[in-house]
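Please read all numbers here as calculations on a predicted model, not as lab measurements.
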Amino acid sequence: MPIYTYECTKCGLRFDRRQKFSDKPLRTCPECRGTVRKLIQPAGIVFKGSGWYITDSKHSSSVTVPSANKDKDNAASGSADTKSSSTAKPAADKD
C-alpha cells in the first residue's frame, strides 16, 4: 500500500497515511479538523544491477575509439605542423 502525504491548509500540519489505491483521499486534519490537501512527493528509486555506475556504462571498445580518433587527428595536425614549421624556419647553421 502506498503512503500519501497530506498538509493542513489551516494549521500547516504535515502527516503521512498509508492508504489503499481504492481509498478516498482524506479531507480533514486530525489535529484541528481543517481541510487537508494531498501533496505530491518524489518517488523513491533504487538502482540495482550493473550498468548504473559511470564505470559500468562504458565498454572498453567505446573508450578506445575516441582516443584512437584523437591520435589520428593529432598525428595529422602534428605532421602538418612539422612540415609547416620546417619550411617556415630556416635551418640553423652549424659552425
Side-chain angles (χ1 to χ4, degrees):
M1 282 193 296
I3 298 174
Y4 295 104
T5 303
Y6 291 91
E7 181 179 41
C8 179
T9 57
K10 187 175 179 182
C11 68
L13 175 71
R14 282 190 178 187
F15 59 95
D16 297 332
R17 290 286 186 237
R18 184 182 301 206
Q19 295 179 304
K20 296 179 183 179
F21 288 111
S22 60
D23 290 346
K24 292 185 179 184
L26 298 179
R27 296 185 183 263
T28 58
C29 175
E31 295 290 322
C32 70
R33 300 290 179 212
T35 58
V36 295
R37 63 185 180 119
K38 190 186 292 187
L39 299 177
I40 298 173
Q41 298 290 327
I45 299 174
V46 177
F47 296 109
K48 293 183 178 182
S50 64
W52 297 108
Y53 299 98
I54 194 163
T55 56
D56 290 342
S57 63
K58 295 180 181 177
H59 299 323
S60 60
S61 62
S62 65
V63 173
T64 57
V65 171
S67 63
N69 289 338
K70 285 182 182 180
D71 291 340
K72 288 179 183 177
D73 292 341
N74 289 340
S77 64
S79 62
D81 291 340
T82 307
K83 290 178 184 176
S84 63
S85 63
S86 63
T87 57
K89 294 180 184 178
D93 293 330
K94 292 185 180 180
D95 289 327

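Side-chain contact between Q19 and L26 is present, with at least one heavy-atom pair separated by less than 4.5 Å.
Annotation: the span from Y6 atom OH to D16 atom CG amounts to 10.0 Å, rounded to 0.5 Å. Rounded to the nearest 0.5 Å, atoms CG (D23) and CE (M1) are 8.0 Å apart. Rounded to the nearest 0.5 Å, atoms NZ (K38) and OG1 (T5) are 10.0 Å apart. Once rounded to the nearest 0.5 Å, the distance linking SG of C8 with CZ of R37 reads 10.5 Å.
Under the 4.5 Å side-chain heavy-atom criterion for Ile, Leu, Val, Met, Phe, Trp and Tyr, F15 and Y4 are members of the same hydrophobic cluster.
When the shell of 6.0 Å around NZ of K10 is examined, it contains 12 or fewer heavy atoms from other residues, nucleotides or ligands.
Between C29 and L13, the shortest heavy-atom contact is SG-CD2, 3.9 Å.
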